[in-house]
Structure formats: C-alpha cells, structure tokens
Amino acid sequence: MNAADSAEMLLHLAARGCAQTEDLDTADIVLLNTCTVRDHAEHRALSFLGRLAKWKAAKEGRVIIFAGCAAQRLGKSVRRKFPQADIIAGAKNIDGFAEIIDNSRLFAPAGAQSGQEQSGLIGLVNITRGCGFKCAYCIVPYVRGEAHSLPPEIIFKETRRKLDGGAAEIMLLGQVVNGYNYKGLNFSGLLKELIQLPQLKRLRWMSPHPAFIDEEFAQTIALSQKLSRHMHLPVQSGSSKVLQEMKRGYTREIFLEKIKLLDQAGVRVSTDIIVGYPTETQKDFEDTLSLLDAVPFTGAYCFKFSPRALTPAAALPPIPEEVVEKRLDILLNKVKQSSKAAYARQTGSVQPVLFETPQNGRTLTNFWVRTTRKYKIGEITDIEIKEAKETILLG
Ligand code: 5AD
Ligand code: SF4
C-alpha cells in the first residue's frame, strides 16, 4: 500500500521535473512516506525526520515532504517539532497530493513528465481507499478514512498504463481489497473483467478480509490461471472470544470455513497474527497456536500488540511485556515450522513460475523459486520443484 502511494507521489513529482535517486547526498528533495499502524514504524519515521535536519541545513533549497499515515496522525505536532518538514501530506490526501505540492510553490508547474513510466514487472494498482471496518486495535480507519471503491474506468486505465510500461503482473491494492464494490460491481466482477486483458499474465491482490471470501469468489478463481492461488488473509487471532473483542466480524469457525473454500479452490494462505492483545488469556493464545495446526499457512507475520491512540483497545490494561515476549517467541517458532512444512510439500510438483530475474520467480501460489537454468524475465514457464529450502524452492 505504502509502496503504491509512494509511486503515485513520485509520479506527481516527476511531472514537475524531478528525477528519482536513492542517494541522499545528491538529492534536493526527500519524500518520506510513513506508516503508523504500530508505534515502532512511526517512531522510526520520526527519528529519520529528526536526522534529516542536518541534511537540509547542508545545502540551500533542500525540501522535505513528510507524507503518509504518520503525517496524517501527527501533522500539527510535526509542524511544531520538526520545522525542517516543508510539506506535510497526510494519507487521506493522496488524491490531493498534486495540489498540496503546487500550493507550496516549491516546485515547477506540472508538465515536465519524463516520458513513458517504467513500472517494473509488478504493477501496483489501487482499487479501494480507506477502510470500512473498525477493528478495535487498528488506527487505519482514522488515518485513511472511510472506505470507497475507485471507478473501474480508472482501475483499467491504471492497469493498462502499467502493462504498457512493461508489467506482467498486476497487484490490486486496498485496505480491504476484496470489499471492492462500485455501483454493484464487486471484487469477483472486477477480477472477471481484468483477466480479459491479453497483456496481463498474473493478477494478485492485497489485503483481503475474510468477510468477503464466498462461493462466488471461489468460483471466480477457478476461471483463470492468471488469478493468484495465494492470499495473504489476516486472521489476527485463533480465539473466537478475542476475535469478537477485536471486532473482526468472524469467529474461528467461520474463518476455518473460508479456509476450506479457498483450499478447495487451490488457494494457499498466509496470514497476520497479533499476539498479546490486552484481553488475550493463555487459553486464547493456545487457540491461536492450535489454529496453526488446523490451517496449513504458508507463512505468518506476527506482531506484538501496539496500543494506538484513538482506538478502543488502547484504553484496555495491557498484559505484562514478558508474557507477550514469551508468547511471541513460541508463536514465531510454530510459524517457522508451519512455513517450512508448506515449502517441503511443494517438492516434486511442477508449477508455473513467473520469472522476475533470469533464475528467480514466483509460483502462482506465491512460493519463491530459484532455478538452475536461465529463463526470460516476465515469462511464465513450468518448473519442476526438486528441493525445498526454508524460504525458497529449488527448481
Ligand atoms: N498492534 C499490532 N499489530 C497491529 N496490526 C494492526 N494494528 C495493530 C496494532 N495496533 C497488524 C495487523 C494487520 C497488520 C497490517 O498490522 O495484524 O493485519
Ligand atoms: Fe484495520 Fe481492521 Fe480495517 Fe484491516 S480491516 S485496516 S485491521 S480496521
């Protein structure tokens, strides 16, 4: 999501004559795009902004743009505490970014676009913005605003632009990507239309919500080998009690039913888990562990609960840090085993791999593969999986 937002902002800067560099010494502008989903992310962004004061003072005319979710949340106090930030552009305002930079009068007028955009092999395309859920721990709805779906014309225009720029794969993005609904056109409907594009070789999406996984979706997946057979589907907890307290809108049992639907459609699943939610008991934590036995997740990102301002969960008394640490440790170990087993199960299979370098690519189920022979970048080739390492398949 943030990568896509950065790309969008960079496009507006490019239209005003800027070229991209990763080298701070030669740069005239820093675009700092930020995350606020956990305290740690925000902290890192602010300390980087702090360090940039020196960079800015070293050369006349240097500009700092502080953008994204932390900018949305902390705009006013950042202005006060970090005068080095020339422009503050919150995540809610991504559509107004061009106006914000023009209003600053620090940039040349738009028009200096530097030719055809090279989008890389994977084109990121936003299809929804904001979030219509209010999970009790999550700050996203507050900083990104209410959910809305972008019109299909815009999505098609963006997708075509990425494909013309050299993308073979499109990644549809949204906070709740599969909650897409534009005047009755739902996510399955959108997928059915997008797979008609002849240049498109693969279509993936992130992040889906379990609430929108249904029969129609499972049937849609079966329609095309262009559609990803992998989903990163956040579960957050294996305890129905905690899920209810988190206001996730499903129980463990419902989640398991969704997994069954996906499994029948050949879709492999990875997930996000929050450990140490304030009301999580030892029994709740054990429910999360047992979910990992029940579902063959290919991987999981595990996060320690981080209290975020404005969210109801931030008001709950936290559980002791050492308990959280211990649970995280146990969970990470278990996730590692689960992921290792998922990789091992691929040995002996033949799978279509989309090559991102001459010897590295991804299966349709999103396993990373390294091959002994070289293949054409952007092409899909059937590869026999000979061996599974912990985080890569050898083909
Ligand atoms: N604390 C810890 N993890 C969180 N996430 C969202 N909010 C919090 C929080 N307050 C995690 C969820 C989500 C992922 C993007 O970040 O697991 O799926
Ligand atoms: Fe946050 Fe829940 Fe919305 Fe995901 S669905 S962005 S966790 S509020």
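One-based numbering along the sequence shown. These numbers were taken from a predicted model, which means no experiment stands behind them. Just so you know, ligand 1 is whichever comes first in the structure, and atom 1 is the first atom listed for that ligand.
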Here the atoms of ligand 1 under 4.0 Å from any heavy atom belonging to Val37 are 6 (C), 7 (N), 8 (C), 9 (C), 10 (N)

- Phe305 neighbourhood, listing ligand 1 atoms whose heavy-atom distance to it stays under 4.0 Å: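 Those qualifying, in numeric order: 1 (N), 2 (C).
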
Would you check, one step at a time, whether the test side chain to side chain contact (heavy atoms under 4.5 Å, CB included) holds for Arg327 with Glu280? CA-CA 11 Å; Arg327 287 183 189 166; Glu280 184 185 78; 3.0 Å; yes

Ionic contact status for [Y] with [X], cut-off 4.0 Å:
| X | Y | result |
| --- | --- | --- |
| Asp5 | Arg144 | yes |
| Arg129 | Asp95 | yes |
| Arg160 | Asp164 | no |
| Arg370 | Glu387 | no |
| Glu257 | Lys260 | no |
| Arg362 | Glu356 | yes |

Could you please tell me which protein N, O or S atoms lie under 2.8 Å from atom 3 (Fe) of ligand 2?
->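 Under 2.8 Å from atom 3 (Fe) of ligand 2 - ignoring waters, which are not counted - the protein N, O or S atoms are Cys131 SG.
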
Here the atoms of ligand 2 under 4.0 Å from any heavy atom belonging to Tyr137 are 7 (S)

Identify the protein heavy atom lying closest to [atom], giving its residue, its atom name and the separation to 0.1 Å.
| atom | result |
| --- | --- |
| atom 10 (N) of ligand 1 | Ser306 O, 2.7 Å |
| atom 7 (N) of ligand 1 | Tyr137 CD1, 3.3 Å |
| atom 17 (O) of ligand 1 | Gln236 OE1, 2.6 Å |
| atom 16 (O) of ligand 1 | Arg38 NH1, 2.7 Å |
| atom 18 (O) of ligand 1 | Asp272 OD2, 2.6 Å |

Q) Going hydrophobic residue to hydrophobic residue with side-chain gaps under 4.5 angstrom, can you get from Ile154 over to Val125? A)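 No, it is not one cluster - the side chains of Ile154 and Val125 are not joined through contacts under 4.5 Å.
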
Next item on the list: Determine, using the 4.5 Å side-chain heavy-atom cutoff (strictly less than), whether Leu289 and Val269 are members of one ILVMFWY cluster.
Entry: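 In one cluster: yes.
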
So is Arg248 touching ligand 2 or not, going by heavy atoms under 4.0 Å?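 Checking ligand 2 against Arg248, which is what was asked, there is a heavy-atom contact under 4.0 Å.
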
Practice problem: Mind telling me whether Phe133 and His209 have parallel, tilted or perpendicular rings, with 30° and 60° as the class edges? | Solution: parallel

At under 4.0 Å between heavy atoms, what of Phe303 touches ligand 1? The answer is side chain

For Lys386, look at atom NZ and say whether over 12 heavy atoms of other residues, nucleotides or ligands are found less than 6.0 Å away. no

Nearest non-hydrogen contact to atom 2 (C) of ligand 1 from the set Lys304, Arg308, His209 belongs to Lys304

